[in-house]
Amino acid sequence: MGRYSGKTCRLIFMLVLTAGFFVAELVSGYLGNSIALVSDSFNMLSDLISLCVGIATGRISRRARRGPSATYGYGRAEAVGALSNAVFLTALCFTILVEAVLRLARPERIDGPELVLIVGALGLAVNLVGLLIFQDWGSCCSRLQPRAAAAPEQLQAVPGPGREEAAVVECQEAVEAGDSLNTQKRPEEQTVQKKEKKSEALNIRGVLLHVMGDALGSVVVVVAAAIFYALPLDANTPCNWQCYIDPSLTLIMVVIILSSAFPLIKETATILLQMVPKGVNMQGLTERLTDVPGVSSLHEVHVWELAGGKNIATLHVKCQTTSDYQDASYKMREVFHEAGIHSVTIQPEYIDHKTSELICSSPCISKACASQLCCPQQEVALTHDNGYLEKNGLSLTLRKNNSLNKNAVEIPIEHTLAGAVIKNTDNCKKSDDKSYLHSTHF
Amino acid sequence: MADNGTGEPRQPRYRRVRLMCMLALTFLFFVVEVVVSRLTASLAMLSDSFHMLSDVMALVVALVAVRFAQRTRATHKNTFGWVRAEVMGALVNAVFLTALCFTILLEAIERFTEPHEIQQPLVVIGVGAAGLLVNLLGLCLFHQHGGGGHGHSHGGGGSQHHRRGSRPKLERSSGDGDAGLRKEETNTLVENCGSTNGVNQEKLGDGKAELQANGSIGPNSLDVEVEEDSSGQLNMRGVFLHVLGDALGSVIVVVNASVFYFYWNPCPKDGPCFNPCVNSHCIENATVAPPLDNADLLSQEGIHVAGPCWVLYLDPSLCLIMVCILLYTTYPLLKESALILLQTVPKQIDIYSLNLKLRKLEGVEAVHELHVWQLAGSRIIGTAHIKCHDPASYMKVAKHIKEIFHDEGIHATTIQPEFSSVGSESGVGKCEFPCRTQCALKQCCGTAEGSTEKKTKTSSIAISCSEIIIDSPHHKTRRTKSENIPAVRLEADDDPDTQFESSL
């Protein structure tokens, strides 16, 4: 509280500017009796709303920490805010599209092009200022970096000491665990910064999209008004090609805006749908995990991104003994660490020969909850009861490998097994349950 | 499971069928309205037809979400399956609806300043009534989703998965318990639409078929139905709200056009006429300029006065009321889906008491990194790190831990045991298996504040329970081992200076 990062300051500045211009446009529209001005001022209003959403979610995600209502904090608020902004923009584009189509059906001329030209130019100026402000932000300092020596070097465009101070303050705030031994991990940190920039940039990108859309709208207004100003149309002559400029340019603008909104929606969807983060290769990761000695099998492997490059993984591991687990868990964490996943929760299960290797030894306490598990256990049961193909394939492979390598260590078996099983089950329900990819009997 | 041999699960299929029906109907009506507007050259009709188009878009979003969410299997791209798609579809629809309300608001405000007359009110009434019919049909189709739970039964079937009796008391969970089977549908348009306290019996006709069909389904698809039910609820609520908004819009169109038709005295096509409602500086068809505010004088002189003016203001006012209603009903949906997407703790779970219960268990020394979040619908996921003294005591406690989670309704849990070293008091409370310090930023909860964790600059690593770890306050960890674990020791000796920090 009480600290203002460069980011919030900019957003607030832009908010004030846009609000002021909105009021000015509204008043002048009513005074000058120009509906075009009034409707353009409402574009500013939508800008305002998106700015408010951006500021609010930025505040929420940075201020509210873990608590009883959100154990992960509210870091995701920015992704949700970005999605809301993008969807809001898409809806507005839809209505603008509708209006443009109506205008194409019934072209109208612009009355009083001078006033429209002036106010349109002013609006364009405001939007360009906004774009510049946020554009600069995108390449500006990465706030979240370790406090130690790395800070000044890794700041990229650094205009002005004020921002640097703010950045350092942010850094100090965010990195409470200082670590002076950075030297060997520098590249990691840079990826850390980039990822965090990327996700905070998600929030800013949502706002940026709106500003850009508004700027394009102002460009269209200016161009159309300029044409009407340069080639004035009498009130009596029917609408010629000039009247079609505005709607057609608007259509092009809508296409441009939508094409830049969809990537943002896709990126936020990756986070919000709990998808595997982009830099993580699940197959390679699980293979490396099963390579770890002591690991008999894995299942329920989940990797997802909380927000801002923070990846979280959970998995269940079947081991023979406790010491196996102890050693294996440390190594598994290293594997995860190299993959960029730093919050890992590993549940050990010990093999008892009553239950199969593949099924989780400790799901919820009764089978009735099976449907409420995140990934229902009956999938595994399916492969054993119903899926003859998989079952036969699986057990055939298992047995085959066992007979060949009775005394061998698990690792090579798992490799070939994984390969063989993947082939067998690929045509069926994909590799949903990792367990039968990486399990062996001994 | 979509590719199960027994056929698609009923619930999502019926949902899809409904969505597609409504989609086809709405699109057809949109086309009809466009054609009629061209024939009658009515701009208002054309703009109203685009409201139908927005409905179509909402339905498409919902359909895509339902399609996605059927794939509950983990894949390489998404280890949780795609069940969250419906929650996201609900959020998208809610935001979309809010944006539409915003634009309607703007149009209404513009109409206040510049009232329009309706051209050809009869045609508008006709088409508006037809649109209202289509929307009412849609409301009936999606009615259950807007009001309460969806009906399906799970009688019969010999599988163990049919037993729902042990399901915990979740207000939000999908249909559970045989007690909930006969719950009535509530016709609430407002909040808590998604709370499916029970499984409702569907309306007649449709319901009967479903009951029978459900009886013959295999266990797995039934499970999937029930799960998807409550997360699909959110999605369907979004659609329902869109259709509701459209229905209200049609009502307004019809009411407005009828009032206009019956009360409005239009300007005749010929002859002088004065329209006091429209703020124009000229008088239509007039050659003289009578005083503008004297309507009686005008009519005495034979100049027709159009009016009454309040008729023209009816449209925007009704629109404002409609916007208020829509926003009021959309806000709960927006909030609910946003809370799920934010990974918040579901409302019915009290983390503090859960934490307390866990810590009270015998053998549990500390609990940290307790996370509970809702994937979608009734699938709640929890993770925790439980610190015990040694593996044996953990094994005793493990089942109780799972029971505690189960009682809260959290069935997918990942419990990580950590074993405190002998005699290391300060070790209690710190996570024993942290990532390295540099990752502190990238850990999910990298900067600690929870009451059960303490942030320190040093930490200890317990590699195996047989190790004895000595805590030291300054960047040093020394390990002595009572067992010989060569591989681990090698690693430990390699990095004597490396710090490890608690992953808080």
Side-chain angles (χ1 to χ4, degrees), chain A residues 42 65-66 68-72 74 76-77 80 84 87-88 91-92 95 98 102 144 176-177 179 185 188 192 272-276 282-283 302-303 306 309-310 312 314 322-323 326-327 330 333 337 342-343 345-347 362 364-375 378 429-430 432, chain B residues 46 50 73-80 84 88 92 95-96 99-100 103 106 160-161 163 166 220 223 226-227 338 341-345 351-352 371-372 375 378-379 381 383 391 402-403 406 411-412 414-416 433 435 437-445 447 449-450 455 463-464 488 501:
Chain A
F42 289 134
R65 295 294 192 169
R66 306 160 72 181
S69 58
T71 51
Y72 285 111
Y74 286 99
R76 270 214 180 164
V80 174
S84 308
V87 173
F88 192 63
L92 287 183
T95 47
V98 164
L102 290 178
L144 300 176
E176 290 160 0
D179 181 12
K185 301 294 172 186
E188 263 178 24
V192 167
L272 295 177
L273 288 177
Q274 310 286 99
M275 289 172 67
V276 173
M282 276 310 288
Q283 194 139 355
H302 296 292
V303 178
L306 176 63
K310 298 185 180 161
I312 299 176
T314 64
T322 314
S323 53
Q326 304 275 18
D327 308 331
Y330 184 70
R333 274 166 207 282
H337 171 87
H342 305 284
S343 304
T345 306
I346 305 178
Q347 172 171 294
S362 52
C364 201
I365 57 176
S366 80
K367 288 265 164 79
C369 321
S371 65
Q372 289 184 309
L373 299 177
C374 75
C375 316
Q378 65 252 34
K429 298 144 195 161
K430 300 275 170 184
D432 39 3
Chain B
L46 193 61
F50 285 113
R73 309 284 182 109
T75 62
H76 275 306
K77 274 203 199 152
N78 193 336
T79 52
F80 287 103
R84 263 236 175 140
M88 197 162 139
V92 167
V95 175
F96 192 55
L100 285 183
T103 51
L106 294 183
Q160 56 209 351
H161 299 296
R163 276 188 55 248
S166 59
N220 304 315
D223 293 339
V226 174
E227 287 147 12
L341 292 177
L342 284 175
Q343 309 285 93
T344 54
V345 175
I351 281 280
Y352 280 145
H371 294 292
V372 176
L375 178 64
S378 59
R379 304 197 212 208
I381 299 178
T383 63
K402 291 266 179 186
E403 269 175 15
H406 169 90
H411 304 285
T414 305
I415 310 285
Q416 174 172 293
F433 293 115
C435 197
T437 9
Q438 298 83 354
C439 327
L441 305 168
K442 297 209 54 183
Q443 284 165 349
C444 73
C445 321
T447 58
E449 279 177 30
K455 170 197 78 67
I463 302 298
S464 82
V488 176
E501 218 217 0

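Residue numbers start from 1 in every chain, and the chains themselves are labelled A, B, ... in the order their sequence lines are given, proteins ahead of strands. The basis for the numbers below is simple: all heavy atoms, side chains too, and nothing from hydrogens, waters or symmetry mates.
The CG atom of Leu273(A) lies 5.0 Å from the CE atom of Met88(B); values are rounded to the nearest 0.5 Å. Residue Leu342(B) holds its CG atom at 8.0 Å from CZ of Arg76(A), rounded to the nearest 0.5 Å. Between atom OG1 of residue Thr75(B) and atom CE of residue Met282(A) there is a gap of 9.0 Å, rounded to the nearest 0.5 Å.
Considering all non-hydrogen atoms of both residues, Met275(A) and Asn78(B) come closest at CG-ND2, 3.5 Å. When all heavy atoms of Leu375(B) and Gln274(A) are compared, the closest pair comes out as CD1-CG, 4.0 Å. Among all heavy-atom pairs drawn from Val80(A) and Ala338(B), the shortest one is CG1-CB, 4.5 Å. Between Ile415(B) and Gln347(A), the closest heavy-atom pair is N-OE1, 2.7 Å.
Only the side chain of Thr103(B) comes within contact range of chain A, judged by heavy atoms closer than 4.5 Å. Proximity to chain A involves both the backbone and the side chain of Val92(B), based on heavy atoms less than 4.5 angstrom apart. Looking at Thr95(A), the atoms closer than 4.5 Å to chain B (heavy atoms on both sides) all sit in the side chain, from C-beta outward.
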What do the steps show when you test Tyr74(A) against Thr344(B) for side chain to side chain contact (heavy atoms under 4.5 Å, CB included), and what is the final call?
-> CA-CA 8 Å; Tyr74(A) 286 99; Thr344(B) 54; 3.8 Å; yes

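Distance alone, capped at 3.5 Å, places no donor-acceptor pair between the Thr345(A) side chain and the Gln416(B) backbone.
Most heavy-atom pairs under 4.5 Å with chain A, from the set Val372(B), Leu100(B), Leu341(B): that is Leu341(B).
Checking Thr314(A), Ile346(A), Thr71(A) one by one against Thr383(B), the side-chain contact (heavy atoms from CB on, under 4.5 Å) holds for a single residue, Thr314(A).
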